[in-house]
Amino acid sequence: MALSGRLEELNLLEILQIVAFAKKTGTLRVEATMASGAVLFRNGFVLCALSSSTTPILRPMAGRTLDESRVLLLEDEVRIALRELVVLREGRFEFVLSDEPPTHFEGMDIRKFLRADGFDPQALMLELARDLENARKDSSSLLESPDGLAPLMPLEEEVSTESPTLESSGVTVVLADDEPQVLAAVRTELEDAGCNVEAALGTDEAISLVDKLLQSGTPMILVTDVAMPSSTSDTFEGGFEIIEHLNELNHQIPTMVMTESLSPQAKERARTLGVCKVAFKPAFTKLDADEYTTDLRSLANVVRRELASLTIVAEHVDPTPTVPELNHDVMFNFLKTMTEQVTCPTNGIARMILRVGSKYCERVVLFLIRGPRARGLAAIHLGRPTKEATEEARQITFDLQHVRPFAEVVYSHSLLAQSHDTNPLPVLDAGNASEYVLLPLLHNREVLSILYCDNPDSGRRLGNLSGLALFLTQAGMAMENASLHRTLRSFETQFSMDNQGPLTQELSPIVPNEPIVPVKEEA
Amino acid sequence: MTDKRIQPRFGPLVLKAELKIDGVVREGFLTNVGSGGAFLALDEPPSIGMEVSLRALLPWKLGELRVKGRVVWRNDPGADDDARSPIVGAGLAFTELDEQSQQALDSYLQRFVELAAQLDESAATHDGH
């Protein structure tokens, strides 16, 4: 029986350790979708490593004597190849013993690539393990950073594109402005168009009004002036405060803001708060009464027109905070968009995970796994302010040994569904939940994070979470890729410093008078 | 220097570990692990004679290793070529290893021996062709 099998069973770092421990000579070949390559050993020492991405770089140097810069390049490429291979999640491997390492690989003469004394296996394994740990720390930092928890824009895919009918929508428009004339003009325009309007003169009134409508389960749209004193009079962006209040309560109410101008900072804030529309106010002048009236009508007209596209959406927003029942197409598009967004993991990755999770269940809590311990990182519990749920989550730390279901997920790398008969974390009140699910987020083949999911309010059974599990896989891979890119950049920087020139610069000419050995295919 | 260790050591084996030294929790790597001791790779190794508590999760669902050890030698940064290891760190002799951890560690090392033995079996297969 040869030492061959699948990387899912035995990872490359373990295989390298086994070959090095057994002091064997031969070739370890790895074939995976993401990458393939080989590691060549003599008496347990690594002589060379090649991957599908490094082979094209090394091929022009094949069979030729290497000058100092090429030796450095080769050593870097060996490390890069090992780094690429060691993180592979799935694929096949086979170690083939030989008396001497092969001289050719994929038609390339690799004799000059074999380091005579080999890389010290203990130091090399340690270097790889440290690389992986550093990558893990990078990704942990991404999850923990404020950016990782940044709020997100609502997605186009969550918004219906049906033609709106403002009059028949049954949606209440909450209109907020601290200027009575503006309030009156827009209100009249909207009511004339058949809208049900509730007006609020200023931030405080608006917050009270939306709270009241939420409690009564009234579908609504918020149209608010931006430049109003906040409830504490600390800022002059009271409009944003109202939207933040709604977001904190996890109510995705369609929102339009009215403003005379929008600075880049305000624009960014509006974007992150999920503002759907902006209606620009004309530069009002009260010196000319007719002009003022015309300007007010003009604004009211713009608001009515823009509002039409938001109305139908509001009908679909359930004001009571329960998990939305999204149809298959909407869910597919949502996941697709989120998966595209997660390829840039610096952009609110923890929030993205929680947000996707909240489409599947009422409460999701993200835990960070660090060695033998777990720590709560953030949470969304529909109907509760995210800040409060997150602060509660952050109080939770525990030893994996004492919470077996979590330890089981760390060991098995697999989803775990359990009944709530034995609550794994009494600090998280199970409420009406009859079951919970723990989903692992894998990073370089280790569990970096666990997502806890349950329905403590409705007590409903959890549905199929395969879409969520898939998203977590994508999130892990995105963080791995980001980390790998950083590593490759550091290799490139180091190589540039060693050679006082960029890696992309053309290499110095081949050593003169050195006969070029023809490439010979291996038999 | 003559190596007086009786138990075999597993040189290239690497285990990530959480350490407690003088009440301070740190992270490091164990290499050259044997059933009686290990090398602790750490940038600022503890002094000879110090006690170190270690926790490491073993792969293949083998459980957790909890062990205490004493520093019996150390390799400082910039140590000369005669150093026992080119890696900065400290040699530990295990002083406390509960039965569960001992079993987990033995199973872990045994698994490596078995997998290494498969390489020789592959030699037979390879030679046979």
Side-chain angles (χ1 to χ4, degrees), chain A residues 1-5 9-11 13-28 41 44-46 94-99 119-130 132-134 136-137 369-373 399-402 407-408 410-414 445-447, chain B residues 8-20 25-34 39-43 54-66 84-89 100-101 108-109 111-129:
Chain A
M1 189 176 65
L3 186 60
S4 62
E9 304 296 324
L10 205 57
N11 72 49
L13 193 55
E14 289 161 353
I15 302 162
L16 294 174
Q17 290 175 37
I18 292 160
V19 177
F21 164 69
K23 299 184 177 167
K24 296 300 179 191
T25 300
T27 306
L28 173 67
F41 292 87
F45 282 73
V46 172
E94 183 178 32
F95 180 78
V96 178
L97 279 168
S98 56
D99 294 333
F119 292 87
D120 171 28
Q122 193 174 359
L124 192 63
M125 303 307 153
L126 194 57
E127 186 181 316
L128 283 169
R130 279 181 164 151
L132 293 179
E133 182 57 16
N134 287 336
R136 182 188 172 90
K137 282 181 180 165
I369 307 300
R370 191 82 181 258
R373 291 173 216 286
D399 201 311
L400 287 172
Q401 263 211 333
H402 299 145
E408 184 60 32
V410 169
Y411 285 130
S412 68
H413 297 183
S414 304
R445 303 185 55 109
E446 282 189 12
V447 175
Chain B
R9 288 294 183 98
F10 292 69
L13 187 152
V14 177
L15 276 176
K16 186 169 65 181
E18 182 189 272
L19 326 164
K20 205 177 208 180
V25 177
R26 298 168 66 182
E27 286 173 351
F29 288 92
L30 296 176
T31 69
N32 207 15
V33 180
F39 179 77
L40 172 60
L42 199 63
D43 287 344
L54 297 164
R55 294 179 68 182
L57 286 174
L58 299 171
W60 311 315
K61 299 188 185 183
L62 289 172
E64 191 186 24
L65 176 66
R66 281 177 180 239
R84 294 171 68 163
S85 165
I87 304 163
V88 173
Q100 199 178 347
S101 289
Y108 179 54
L109 299 178
R111 176 102 169 103
F112 264 95
V113 171
E114 287 167 6
L115 288 164
Q118 284 187 28
L119 295 175
D120 287 322
E121 291 172 33
S122 83
T125 306
H126 184 72
D127 291 341
H129 293 280

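Below, chains carry the letters A, B, ... as their sequence lines are ordered, and counting in each starts from 1.
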Heavy-atom closest contact (B:L119 atom, A:L3 atom, distance): CD2-CD2, 3.3 Å
Should we count NZ of B:K16 as having more than 12 external heavy atoms under 6.0 Å? yes
Considering all heavy atoms, the nearest A:L126-B:A41 contact: CD2-CB, 3.5 Å
B:L15 versus chain A, the contacting section by heavy-atom distance below 4.5 Å: neither
Shortest non-hydrogen contact from B:F29 toward A:R130: CE1-CG, 3.5 Å
Is A:R373 close to chain B through its backbone or its side chain, or both, or neither, when contacts mean heavy atoms under 4.5 Å? side chain
Using side-chain heavy atoms (C-beta onward) and a distance below 4.5 Å, is B:E18 in contact with A:R370? no
Heavy-atom proximity to chain B below 4.5 Å, by part of A:E446: side chain
Which heavy-atom pair separates A:Y411 from B:K61 by the least distance, and what is that distance? CB-CG, 3.8 Å
Enclosure of B:Q100 CD (heavy-atom neighbours >12, cutoff 6.0 Å): no
Tell me, for A:N11 versus chain B, whether the close heavy atoms (under 4.5 Å) come from the side chain, the backbone, both or neither. neither
Check each atom of A:L132 against the heavy atoms of chain B and say whether the ones under 4.5 Å are side chain, backbone, both or neither. neither
Do A:F21 and B:L13 touch side chain to side chain, with heavy atoms closer than 4.5 Å? no
Let me confirm one number: the CD-CG distance from B:Q118 to A:L10, rounded to the nearest 0.5 Å. 8.5 Å
Quick check: closest heavy atoms across B:V14 and A:Q17, and the distance to 0.1 Å? N-OE1, 3.3 Å
May I ask you to name which of A:E408, A:M125, A:Q401 has the most heavy-atom pairs under 4.5 Å with chain B? A:Q401
Under 4.5 Å from a heavy atom of chain B, the part of A:R136 involved: side chain
Can you tell which part of A:V410 gets under 4.5 Å to a heavy atom of chain B, answering side chain, backbone, both or neither? side chain
Neighbour count above 12 (heavy atom, 6.0 Å) for B:E114 CD: yes
Side chain to side chain, B:R111 and A:E14, heavy atoms closer than 4.5 Å: no
